[in-house]
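The structure appears right after this line, and notes come after that.
Chain naming here is simple, since letters A, B, ... match the order of the sequence lines and numbering starts at 1 in each.
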Amino acid sequence: AQRVTQPEKLLSVFKGAPVELKCNYSYSGSPELFWYVQYSRQRLQLLLRHISRESIKGFTADLNKGETSFHLKKPFAQEEDSAMYYCALSNSGAGSYQLTFGKGTKLSVIP
Amino acid sequence: NAGVMQNPRHLVRRRGQEARLRCSPMKGHSHVYWYRQLPEEGLKFMVYLQKENIIDESGMPKERFSAEFPKEGPSILRIQQVVRGDSAAYFCASSPSTGGAKNIQYFGAGTRLSVL
């Protein structure tokens, strides 16, 4: 069965410090990984998709199949990055495209 | 484009009543997903529908829960005879019907169900 693990429930960093939100997954097929973000009082929105290989709001994430990880990184945290971050895996191989989510990490950037 | 619309935002029901949650997908989207989020948990997949078809209901509880996405109108998630354990946030997502964008799901603001 597929699973997504986000080991940190809460991560606090100072403004300007590097950020790394960890995500590990287990999946027998070829995974598609996503990071979703939920800012205070807003809906869940897509931040990154691994196949796009792009940087959004300074965030990047690289899929490491050997370590089954998809960690989210940003070199210099900003206060506006404070939010809940969810890593998710798509079961596209089964034709369903359902997402399996981790429990989320709350990022708090201290001014 | 107004995005994925869910209503009501908050729903209070007493044990044994029925709950109906509505979801209107983004314009041009014909795929709808329902997820449930319990406190301190991530979102859990419930059901995936296309117009007039249930494609994957592997995450739906076997009893009391049903979903539909009719040809006209919103998708409905229906919970009969609600129990306290049904209290959760229910999220709907929609995705486009073609191409690689099938995997990009756009989420609604959710319906928070409270069962007294």
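When hydrophobic clusters are built by joining Ile, Leu, Val, Met, Phe, Trp and Tyr residues whose side-chain heavy atoms come closer than 4.5 Å, directly or via intermediates, B/Val32 is not grouped with B/Met26. Connection of B/Leu21 to B/Tyr33 is not established within any shared hydrophobic cluster, with ILVMFWY side chains joined at heavy-atom distances below 4.5 Å, either directly or through further cluster members. Linking Ile, Leu, Val, Met, Phe, Trp and Tyr whenever their side-chain heavy atoms come within less than 4.5 Å puts A/Leu72 and A/Tyr25 in one cluster.
Contact of A/Leu99 with chain B is made through backbone and side chain together, with heavy-atom distances under 4.5 Å. Of the two parts of B/Gln37, only the side chain, counted from C-beta on, holds a non-hydrogen atom closer than 4.5 Å to a non-hydrogen atom of chain A.
In the displayed structure, B/Arg64 atom CZ is contacted under 6.0 Å by more than 12 heavy atoms of other residues, nucleotides or ligands. Annotation: A/Lys15, atom NZ; neighbour count of heavy atoms from other residues, nucleotides and ligands within 6.0 Å does not exceed 12.
A ring pair (Phe, Tyr, Trp, His ring centres under 6.0 Å) with B/Tyr35 is found for one member of A/Tyr86, A/Phe101, A/Tyr36 and no other, namely A/Phe101. With A/Gln98 as the fixed residue, the side chain to side chain contact (heavy atoms under 4.5 Å, CB included) test singles out one of B/Ile55, B/Val47, B/Asp56: B/Asp56.
Take A/Glu80 and apply the side chain to side chain contact (heavy atoms under 4.5 Å, CB included) test, not counting sequence neighbours, and it matches A/Gln78.
Taken from CG in A/Leu46 to CZ in B/Phe107, the straight-line distance is 9.5 Å, to the nearest 0.5 Å.
Across all non-hydrogen atoms, the minimal contact from B/Glu40 to A/Lys103 is O-CD, 4.0 Å.
The side-chain heavy atoms of A/Arg43 and B/Phe91, taken from C-beta on, include no pair separated by under 4.5 Å.
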